[in-house]
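Right, one structure below, let's go through it.
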Amino acid sequence: MMAGKGDTIFAKASGAGKAGVSVYRLSGPAAHAISAQLVGRQIKLREAALVALRDPKDGAIIDRGLAILFENPKSFTGEDVAEFHLHGSHAVEISLYEVLSRLGARPAEAGEFTLRALKNGKLDLAQAEALADLIDAETTLQKKQALGQLDGRLSAVAEDWRREILAVMAPLEADIDFPDEGDVPAAIAAAAGPAIARLRESLIAFLDTSGRARTIREGVSIAIIGPPNAGKSSLVNALAGSEIAIVSDIAGTTRDIVETRLDLGGVVAAIADTAGLHGAQHDVIEAEGMRRARARAEGADLRVAVLDPRSEFVSRETLDLLRPGDFLIWSKADLSAGIPDEAPEGVIVHQLSSKSGAGLPAFVEKLTEAVAGGANADGPALTRARHVKAVEEAIDALARAEANITRAPELAAEDARLAARALGQITGAVGVEDILGEIFSSFCIGK
C-alpha cells in the first residue's frame with residue numbers, strides 16, 4: 001500500500017480550502033533536518049517558535065508562522081515530527097510542497113500518518129478506526145462513541161477476552177504434552193469446559209447488544225413513500241426545516257430521490273423523498289422514478305408511508321411496502337377530520353399537517369424513539385462489520401473447542417487458538433496486514 005518506514009512524508013493536517021491558519025505536518029527520520037533547512041536554525045523541541053520559512057535554494061520567504069518539533073517516540077506517529085502553522089493560502093501551500101519535495105520528503109497517502117502511529121505502537125487498530133470515526137462524526141453520540149473507542153474501551157475488552165482464551169488453553173496443552181496421564185482429560189473438562197462456555201456466552205451477549213452502537217456510527221436510512229400529492233415532500237421539508245424538495249399540486253413533481261440528513265437523538269438519519277407510487281404510468285421517466293422509490297423503500301432501515309385520506313390514490317401500492325415498526329402517516333390533518341382505520345399490523349399510525357405543524361412534534365418524537373431509542377455511546381461496542389465478524393468467528397471456534405474437550409483435546413486447543421486469533425484481529429494484534437489498505441484508504445490525507 002505505502003512506501004517504507006524510512007520515508008519522510010508531509011501533508012496538510014487541517015481542512016481543505018482557504019483559511020486563516022493551515023497546519024502542515026512532516027513525519028519521518030528527516031523531519032527535523034528539513035525543518036532546520038527551512039527555518040535556518042534548529043529550534044527547541046515541543047516549543048512553538050515564530051519563524052520565517054525560506055527556500056534554501058534562494059532564500060525566498062515561503063511564509064511566516066509557527067514551527068513545532070516533536071521527537072520520537074513522543075509524537076503522534078512515533079517518529080520525528082515537525083509541524084508548521086502557516087497562513088491558509090493556496091499559494092503558500094504550493095510553494096511549501098514544492099520545497100519539501102525538493103528536500104527529499106514525499107506527499108503522504110490517505111491515512112499514512114495514522115498507519116505509522118499504528119505500526120509504532122501509538123495506537124492499535126480499533127483505536128485507529130475510532131480516530132477515523134471521530135473525524136467523520138456528525139452528532140454528539142457519534143463523537144462520544146468514537147472518543148470512547150479511541151480511549152481503548154473496545155481494545156481493553158477484546159484483549160481481556162483473548163487473555164481468557166489463552167489461560168483456558170493451558171490445561172488443554174497439558175493434556176497434549178502428557179497424554180499418558182489417565183486423570184488429565186477429566187481435569188481438563190472440569191477446568192476448561194465451563195470457562196469456554198462462560199466466555200462464549202459472554203461474547204454472544206456482547207454481540208447482541210452492539211447493534212445500537214453500529215447504528216450510532218453508520219446511521220439509518222429512512223424512505224418517505226406514498227402516492228402523488230400525498231404530502232411526502234412537504235413532510236421532508238418540515239422535518240428538515242428548509243425547502244429541500246419541490247412542493248406542487250401537480251402529480252409526479254418528484255421524479256427522482258431527494259435526500260437530506262437529520263440528527264435524530266444523536267443518530268444520523270438519511271431521509272429520502274421518493275417519487276409517487278400509483279398504478280398508472282404516464283411516461284418512462286415516471287416509471288423509472290417509481291422503480292427507484294420501491295427499491296429505496298425495500299433497502300431502507302425504516303419506511304414512512306404518507307397518505308392523504310381524501311386522495312384517490314390511497315391503495316395497497318404503498319401499504320404493501322410497509323413492515324412492522326414502520327410508520328403510516330395520514331397527512332393534511334388541517335384539511336381532513338378523520339382517517340381510515342386500515343393499517344398493516346405492527347405499523348405505527350400517526351396524523352399530522354406539515355403545513356400547520358399540527359402533530360409534527362409528536363411524530364418527530366416517535367420517529368426519534370424508533371431510530372435512537374436505547375442508543376448508548378458510553379460503553380465498549382463492536383462498531384464495525386469487521387469487529388462483528390471477528391467475534392462471530394471466535395464464538396464458532398469456542399463452540400467447536402467446547403465440543404472437543406473430552407474426546408479430542410488437541411483439536412480443542414487448536415480451536416481455542418483460532419478463537420484467540422480472531423479476537424486479536426480487533427486490535428490488530430494478529431493477522432491484519434491484508435486489510436490495512438482497505439481500512440486506511442478511507443482516511444483523509446494528512447491523518
Side-chain angles (χ1 to χ4, degrees), residues 1-14 16 22-49 51 53-57 62-63 65-86 92-132 135 150 155 424-425 427-447:
M1 171 190 171
M2 299 175 183
K5 182 179 177 181
D7 293 347
T8 297
I9 58 175
F10 67 86
K12 189 177 184 178
S14 54
S22 291
V23 179
Y24 299 91
R25 177 182 291 156
L26 268 169
S27 181
H32 291 180
I34 291 175
S35 172
Q37 292 183 72
L38 292 172
V39 175
R41 58 187 172 88
Q42 193 66 261
I43 63 176
K44 292 182 180 180
L45 295 171
R46 296 181 172 271
E47 289 188 11
V51 299
L53 299 188
R54 297 177 182 272
D55 185 342
K57 181 176 67 174
I62 300 170
D63 194 15
L66 297 178
I68 310 174
L69 301 184
F70 304 90
E71 77 280 21
N72 71 80
K74 300 177 181 180
S75 71
F76 171 72
T77 61
E79 302 176 328
D80 285 343
V81 168
E83 284 189 0
F84 305 112
H85 299 220
L86 307 175
V92 169
E93 182 174 311
I94 292 174
S95 297
L96 179 63
Y97 281 15
E98 191 276 326
V99 174
L100 289 175
S101 297
R102 192 176 350 112
L103 293 178
R106 66 166 176 83
E109 298 180 27
E112 191 168 5
F113 289 102
T114 307
L115 178 58
R116 292 189 176 200
L118 172 72
K119 291 187 173 181
N120 289 324
K122 308 299 290 186
L123 299 169
D124 63 36
L125 192 54
Q127 290 174 305
E129 291 170 322
L131 181 57
I135 293 170
L150 185 58
S155 303
Q425 292 176 355
T427 61
V430 294
V432 295
E433 287 295 329
D434 54 337
I435 62 170
L436 288 182
E438 178 182 346
I439 290 174
F440 285 94
S441 64
S442 64
F443 276 63
C444 56
I445 300 293
K447 201 62 183 176

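These values consider heavy atoms only, across backbone and side chains, with no hydrogens, waters or symmetry-generated copies. All of these numbers come straight from a predicted model, not from anything done at the bench.
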Knowing that exactly one of D63, V99, L86, V92 qualifies, which makes a side chain to side chain contact (heavy atoms under 4.5 Å, CB included) with L53?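 Testing L53 for a side chain to side chain contact (heavy atoms under 4.5 Å, CB included) against D63, V99, L86, V92 leaves exactly one candidate, L86.
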Looking at F10, does the NZ or CZ of R106 lie under 6.0 angstrom from its six-membered ring centre and within 45 degrees of the ring axis?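 No; the conditions do not both hold, so R106 does not lie above the ring face of F10.
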Nearest-0.5 Å distance that lies between atom [atom1] in [X] and atom [atom2] in [Y]:
X: E83; Y: F76; atom1: CD; atom2: CZ; result: 10.5 Å
X: E112; Y: T114; atom1: CD; atom2: OG1; result: 10.0 Å
X: I68; Y: K44; atom1: CD1; atom2: NZ; result: 14.5 Å
X: S75; Y: R46; atom1: OG; atom2: CZ; result: 7.5 Å
X: L66; Y: I43; atom1: CG; atom2: CD1; result: 9.5 Å

Do P56 and L103 make a side-chain contact, defined as non-hydrogen atoms from C-beta onward lying under 4.5 Å apart?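 Of all side-chain heavy-atom pairs linking L103 with P56, at least one is under 4.5 Å.
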Side-chain heavy atoms of V23 within contact of F84, under 4.5 Å: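 No, every pair of side-chain atoms sits at 4.5 Å or beyond.
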Looking at K122 and P73, would you say the former's side chain and the latter's main chain have a donor-acceptor pair under 3.5 Å?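 Pair found, side chain donor or acceptor close to backbone of P73.
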With no hydrogens and no angle check, is any side-chain donor or acceptor of E71 less than 3.5 Å from a backbone partner on D80?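 Side chain of E71 to backbone of D80, a donor-acceptor pair under 3.5 Å: no, none is there.
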N/O donor-acceptor pairs under 3.5 Å from side chains in residues 27-40, not counting sequence neighbours:
from: S27; atom 1: OG; to: T77; atom 2: OG1; distance (Å): 2.8
from: S27; atom 1: OG; to: E79; atom 2: OE1; distance (Å): 2.6
from: H32; atom 1: NE2; to: F70; atom 2: O; distance (Å): 3.0
from: H32; atom 1: NE2; to: V81; atom 2: O; distance (Å): 3.4

What pairs with R102 under salt bridge (charged side-chain N to carboxylate O under 4.0 Å, His left out), at least two apart in sequence or on another chain?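 Counting only residues at least two positions away or on another chain, R102 forms a salt bridge (charged side-chain N to carboxylate O under 4.0 Å, His left out) with D55, E98.
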Partners passing salt bridge (charged side-chain N to carboxylate O under 4.0 Å, His left out) against D124 (at least two apart in sequence or in another chain):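 Applying salt bridge (charged side-chain N to carboxylate O under 4.0 Å, His left out) to D124 gives none.
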Not counting sequence neighbours, which residues clear side-chain contact (heavy atoms from CB on, under 4.5 Å) with E93? List them please.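 Counting only residues at least two positions away or on another chain, E93 forms a side-chain contact (heavy atoms from CB on, under 4.5 Å) with K12, Y24, Y97.
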Check S155 against T427 and note the closest heavy-atom contact, atom names and distance.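 In terms of heavy atoms, the two residues are closest at CA-CG2, 3.7 Å.
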